[in-house]
Amino acid sequence: MQRLIKNLNFIWNKFKKSNEQFWEEVEEQLILNDVGPKTASLILNDIKNLTFSDNINDIDKIKNMLKEHVLHILTDAPMEYNYKLSETIPTVWLLTGVNGVGKTSTIAKLAKLFKDSGKEVLLTAADTYRAAAFEQIDHFAQTLGLPIVHHQRYSDPGAVVFDSIEKAFAKKIDIVLIDTAGRMHTAYNLMEELKKIKKVIIKKINREPDETLIVLDSTTGQNAKQQATIFNEAVQPSGIVLTKTDGTSKGGIILTIASELKIPVKFITFGEKLENIAVFDPEKFTDILFA
């Protein structure tokens with residue numbers, strides 16, 4: 001994960017003090033790191049005004065104020081970044097996201113995480129359109145020794161979900177993880193399909209899915225925000241799984257999504273191994289952004 005502001009001390013030394021040129025360059029660094037202009041202004045305006053009014057010219061104090069603002073965005077009161085498990089089984093999680101973001105491998109990582117904690121997990125292959133979708137999730141099911149529910153290709157995804165939850169009730173399975181299609185070139189049909197799946201879940205368990213998660217590729221920048229916006233309108237997700245956070249990924253887009261869409265990050269993935277997943281820690285994430 002790249003730092004949110006590269007060479008902050010260098011920028012400070014370049015201008016010697018907190019002035020408009022300094023703040024313009026800091027804002028440029030934020031935007032280059034995928035923080036949207038609106039969110040960048042939100043982060044900087046209060047800090048800039050405070051430094052001018054209180055005549056603060058200590059870069060460490062300014063850095064700490066920046067970190068506090070970023071952490072506040074990630075933990076804003078309306079957002080709940082702790083994941084939810086139902087008190088009555090089964091817990092049902094709906095995983096959404098476009099093709100190519102690592103959605104199915106994320107489901108496998110979640111499955112391993114919960115299996116290792118002693119939970120019984122059922123995988124649901126509700127992406128019935130993509131040719132390799134079932135083969136991929138079935139491979140993970142076999143690798144992890146987990147049951148899977150699937151139908152024939154092009155069958156009704158809602159029916160797959162219905163049968164999966166029925167099986168979870170019958171077998172007293174703790175957690176159902178549902179894989180879904182991600183065909184953004186037919187976005188309207190996809191969103192209608194997701195709405196239908198969600199209705200099936202609500203009817204079967206008499207509540208919303210315990211989690212409806214969007215899987216986003218951290219390397220795609222503003223495209224990730226566009227994807228989050230579309231899924232937010234359709235299924236009102238409860239959280240985000242941020243994939244590919246190792247290497248050259250930028251964390252700024254998460255601040256934009258958290259600030260403007262009020263969707264919290266709940267998990268991050270950082271490699272190809274099934275154990276390369278972690279519960280999102282806002283404080284640790286903020287420290288990394290300012291390392």
Side-chain angles (χ1 to χ4, degrees), residues 1-3 74 80-86 89-127 130 132-150 164 168 171 173-180 182 209-220 224 237-251 253-254 263-289 291:
M1 181 68 67
Q2 293 185 9
R3 285 178 292 173
L74 292 172
E80 178 55 65
Y81 58 86
N82 294 315
Y83 66 83
K84 296 176 183 176
L85 299 178
S86 173
I89 60 174
T91 290
V92 178
W93 284 18
L94 179 64
L95 278 290
T96 66
V98 304
N99 291 336
V101 296
K103 177 161 43 67
T104 305
S105 59
T106 293
I107 290 173
K109 290 172 181 177
L110 287 170
K112 176 173 171 52
L113 185 71
F114 288 127
K115 182 183 179 183
D116 289 350
S117 70
K119 302 290 186 183
E120 296 288 336
V121 182
L122 173 65
L123 302 182
T124 307
D127 181 356
R130 187 163 58 93
F134 168 68
E135 287 81 1
Q136 186 181 12
I137 195 169
D138 185 55
H139 164 75
F140 288 128
Q142 292 185 41
T143 300
L144 292 167
L146 296 176
I148 184 172
V149 172
H150 67 94
S164 182
K171 300 292 185 180
I173 291 172
D174 298 304
I175 300 174
V176 178
L177 299 176
I178 301 171
D179 191 14
T180 60
D210 299 289
E211 293 284 359
T212 300
L213 301 176
I214 315 173
V215 181
L216 296 176
D217 181 340
S218 65
T219 67
T220 60
S238 56
I240 291 167
V241 181
L242 186 64
T243 65
K244 308 175 189 178
T245 60
D246 49 333
T248 61
S249 64
K250 301 175 182 179
I253 191 60
I254 289 305
I263 308 173
V265 180
K266 301 213 171 184
F267 295 90
I268 59 171
T269 73
F270 44 86
E272 295 183 2
K273 295 181 179 179
L274 291 180
E275 59 266 26
N276 293 153
I277 187 169
V279 177
F280 181 69
D281 183 332
E283 292 188 5
K284 184 177 180 180
F285 185 76
T286 302
D287 286 340
I288 292 171
L289 291 180

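Checked by atom type and distance alone, the side chain of Thr243 pairs as donor or acceptor with a backbone atom of Val101 at under 3.5 Å. Here the side chain of Thr180 pairs no donor or acceptor atom with the backbone of Ala126 at under 3.5 angstrom.
Residues passing the ring pair (Phe, Tyr, Trp, His ring centres under 6.0 Å) test with Tyr83, sequence neighbours excluded: Trp93, Phe114, Phe267. Listed by chain and number, the residues in a salt bridge (Lys or Arg N to Asp or Glu O under 4.0 Å) with Asp287 are Lys67 (sequence neighbours excluded). Considering only residues two or more places apart in sequence or on other chains, Ala168 meets the side-chain contact (heavy atoms from CB on, under 4.5 Å) condition with Pro90, Leu122, Ile173, Val176. The side-chain contact (heavy atoms from CB on, under 4.5 Å) check on Thr143 picks up His139, Leu274, with sequence neighbours excluded. Evaluation of the salt bridge (Lys or Arg N to Asp or Glu O under 4.0 Å) rule for Asp174 yields no partner, not counting sequence neighbours.
In terms of heavy atoms, Val121 sits closest to Pro147 at O-CD, 3.3 Å. Of all the heavy atoms in Thr106 and Gly102, the pair that sits closest is OG1-O, 2.6 Å. Scanning both residues, Ile268 and Phe280, for their nearest heavy atoms gives CG2-CD1, 3.8 Å. Looking at every heavy atom in both residues, Ala125 comes nearest to Ile148 through CB-CD1, 4.3 Å. The nearest pair of heavy atoms linking Ser105 to Phe140 is CA-CE1, 3.8 Å. Between Leu123 and Ala111, the shortest heavy-atom distance links the atoms CD2-CB, 4.0 Å.
In summary, of the residues considered (Leu216, Ile240, Leu213), a side-chain contact (heavy atoms from CB on, under 4.5 Å) with Ile263 occurs for Ile240 alone. A side-chain contact (heavy atoms from CB on, under 4.5 Å) with Leu94 holds for exactly one of Thr124, Asp210, Ile178; it is Ile178.
Identified under the side chain to side chain donor-acceptor pair (under 3.5 Å) test for residues 264-285, with sequence neighbours left out: Glu211-Lys266. Residue pairs meeting the salt bridge (charged side-chain N to carboxylate O under 4.0 Å, His left out) criterion with at least one member in residues 92-116, sequence neighbours excluded, are Lys103-Asp179, Lys112-Asp116.
Between the CG atom of Leu146 and the CD1 atom of Ile107 there is a distance of 12.0 Å, given to the nearest 0.5 Å. Atom OG1 of Thr219 and atom NZ of Lys244 lie 5.5 Å apart (nearest 0.5 Å). Put simply, OG1 on Thr91 and CG on Leu177 are 9.5 Å apart, with the number rounded to the nearest 0.5 Å.
Looking at heavy atoms from C-beta onward, Asn99 lies in side-chain contact with Arg130 at the 4.5 angstrom threshold. With a 4.5 Å cut-off on side-chain heavy atoms, Leu95 and Leu110 count as touching. Between Glu120 and Ile89, the closest side-chain pair of non-hydrogen atoms is not below 4.5 Å.
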